[in-house]
Colleague: 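Structure below; questions to follow.
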Amino acid sequence: MTSPDFWSSLRPATQARIGLGRAGDSLPTERVIEFAAAHAAARDAVHLPLDINELTSALSELNLGAPRSVTSLATGRGEYLRRPDLGRQPADLDVLSNSPGYDVAIILADGLSPRAVGTHGPAMVAALTTELAPDLTIAPPVIATQARVALGDHIAAALAATTALVLIGERPGLSVADSLGIYLTHRPQPGRSDAERNCISNIHPPDGLGYTEAARVVASLVIGARRLGRSGVDLKDSSRDAIETVTTTALN
């Protein structure tokens, strides 16, 4: 007689690997296979290149201007993984010259999961545009390959943008291989530190943060950064303040 699985009702509530069970001194075969598949998906997410043509086509439909592409000094995926410093430096930014200046620059960087950018990038940009326009001017999107977050500082500075939004593929895990993060830097320039940025992470609907909610948080941070004059540790998310005020008023 098979004993009931205590964890079966809890597994749908989390992506964590819980209640794996045992078979003698090891895991059950099914769990071993699941782990191997998750590990393979994470490796593929890191190494499979971003489909620039497909992403460019999807972004073009948003009518933000023709997307442009740049790359870092890392010449390949192996060098990108071994030399994070090269991923922070641009190879050439001539394609961004003669910029009239913008309030916001949106950079889509492959990061450690090109899959995440390809899957979630266009819809996330559309949600950001809905929240930010027409109050702010948005530069045509820039696609950055072999890119780390700091590459966005160089790109946004070349575009003469007041605020940089770097949409980047996050490091894959054994539960999620396509999670997207957004890094906000006000008055971006080469040399900005991580303490001068704000991050919204774990964007991968339907299981992670949704596009609309993420865009609402970003819009709140952009407004806050413009008022404060800087981003980073001094800038807090106030996107829930209005909701809490309305809720409190209704209850009273």
Side-chain angles (χ1 to χ4, degrees), residues 55-70 96 99-109 111 116-144 147 149-170 179-189 192 196-205 208-232 234-243 245-246:
L55 183 56
T56 298
S57 177
L59 292 172
S60 297
E61 296 178 2
L62 301 179
N63 298 317
L64 292 174
R68 289 165 285 183
S69 299
V70 301
L96 306 179
S99 172
Y102 299 92
D103 292 322
V104 177
I106 299 178
I107 300 102
L108 296 96
V117 179
T119 300
H120 303 296
M124 189 65 248
V125 173
L128 288 170
T129 302
T130 299
E131 288 288 337
L132 298 173
D135 298 326
L136 301 173
T137 57
I138 302 175
V142 177
I143 301 170
V149 172
L151 183 61
D153 295 333
H154 296 267
I155 294 170
L159 291 170
T162 304
T163 305
L165 300 178
V166 178
L167 283 59
I168 190 166
E170 297 182 315
S179 184
L180 188 72
I182 301 178
Y183 287 81
L184 180 153
T185 309
H186 192 63
R187 303 200 180 282
Q189 60 184 13
R192 289 294 192 195
E196 296 173 288
R197 313 186 198 281
N198 295 83
C199 177
I200 301 92
S201 63
N202 202 38
I203 303 168
H204 57 96
L209 187 64
Y211 306 132
T212 301
E213 175 67 11
R216 187 171 62 82
V217 174
V218 169
S220 173
L221 290 171
V222 169
I223 293 171
R226 292 172 69 85
R227 290 174 178 169
L228 188 64
R230 59 186 179 277
S231 54
D234 293 327
L235 178 62
K236 308 302 179 185
D237 172 25
S238 60
S239 60
R240 292 186 174 274
D241 290 353
I243 296 176
T245 300
V246 171

Colleague: Go through the steps for L167 and I203 under the test side chain to side chain contact (heavy atoms under 4.5 Å, CB included), then give the verdict.
Modeller: CA-CA 10 Å; L167 283 59; I203 303 168; over 6 Å; no
Colleague: How long is the straight-line distance from CG of N198 back to NE2 of H186, given to the nearest 0.5 Å?
Modeller: 11.0 Å
Colleague: Using the side chain to side chain contact (heavy atoms under 4.5 Å, CB included) criterion, which residues pair with I223? Sequence neighbours excluded.
Modeller: R227
Colleague: Which value, rounded to the nearest 0.5 Å, describes the distance between I182 atom CD1 and L184 atom CG?
Modeller: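 Rounded to the nearest 0.5 Å, the CD1-CG separation comes to 9.0 Å.
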Colleague: To check you understand the geometry: which heavy-atom pair defines the closest contact between A144 and I107, and what is its length?
Modeller: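 Reported closest heavy-atom pair: CB-CG2, 4.0 Å.
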Colleague: Minimum heavy-atom separation for L221 to L235, with atom names?
Modeller: O-CD2, 3.5 Å
Colleague: Give me each pair satisfying side-chain hydrogen bond (donor to acceptor under 3.5 Å, both in side chains) with a member in residues 128-142, each pair once, sequence neighbours excluded.
Modeller: D103-T137
Colleague: Quick one: side chain to side chain contact (heavy atoms under 4.5 Å, CB included) partners of R192, sequence neighbours excluded?
Modeller: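 Once residues adjacent in sequence are excluded, the partners of R192 under the side chain to side chain contact (heavy atoms under 4.5 Å, CB included) criterion are D153, T185, R187, Q189, E196, R197.
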Colleague: Do you know which two heavy atoms are closest between A156 and A105, and how far apart they sit?
Modeller: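 Closest pair (atom of A156, atom of A105, distance): CB-CB, 4.2 Å.
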Colleague: Side chain to side chain contact (heavy atoms under 4.5 Å, CB included) for L180 and V117? Distances and angles first, verdict last.
Modeller: CA-CA 7 Å; L180 188 72; V117 179; 4.0 Å; yes
Colleague: With rounding to the nearest 0.5 Å, note down the distance linking CG in L132 to OG1 in T163.
Modeller: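 One finds 9.0 Å between CG of L132 and OG1 of T163.
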Colleague: Have a look at Y183 and tell me which of P188, S201, S231, C199 forms a side-chain contact (heavy atoms from CB on, under 4.5 Å) with it.
Modeller: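 For Y183, the side-chain contact (heavy atoms from CB on, under 4.5 Å) test succeeds with only one of P188, S201, S231, C199, which is C199.
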Colleague: Indicate yes or no: at least one non-hydrogen side-chain atom of I143 is less than 4.5 angstrom from one of L59.
Modeller: yes
Colleague: With rounding to the nearest 0.5 Å, note down the distance linking CG in L108 to CE in M124.
Modeller: 10.5 Å
Colleague: Closest heavy-atom contact between V125 and I106?
Modeller: CG2-CG2, 4.0 Å
Colleague: Please list, chain by chain and in numerical order, all residues satisfying side chain to side chain contact (heavy atoms under 4.5 Å, CB included) with A58, sequence neighbours excluded.
Modeller: P122
Colleague: To the nearest 0.5 angstrom, please state how far the CD1 atom of I200 sits from the CD atom of E213.
Modeller: 10.5 Å
Colleague: Got a sec, which residues hit side chain to side chain contact (heavy atoms under 4.5 Å, CB included) with S60, two or more places apart in sequence or on another chain?
Modeller: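 So S60 forms a side chain to side chain contact (heavy atoms under 4.5 Å, CB included) with T56, P67.
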Colleague: What residues form a ring pair (Phe, Tyr, Trp, His ring centres under 6.0 Å) with Y211, not counting sequence neighbours?
Modeller: H120
Colleague: Got a second to check how far L159's CG is from L96's CG, nearest 0.5 Å?
Modeller: 5.0 Å
Colleague: Do L128 and I138 pass the side chain to side chain contact (heavy atoms under 4.5 Å, CB included) test, and can you show the C-alpha distance, the side-chain angles, and the key distance before you say yes or no?
Modeller: CA-CA 10 Å; L128 288 170; I138 302 175; over 6 Å; no
Colleague: Do L136 and T162 have side chains that approach each other closer than 4.5 Å (heavy atoms only, starting at C-beta)?
Modeller: no
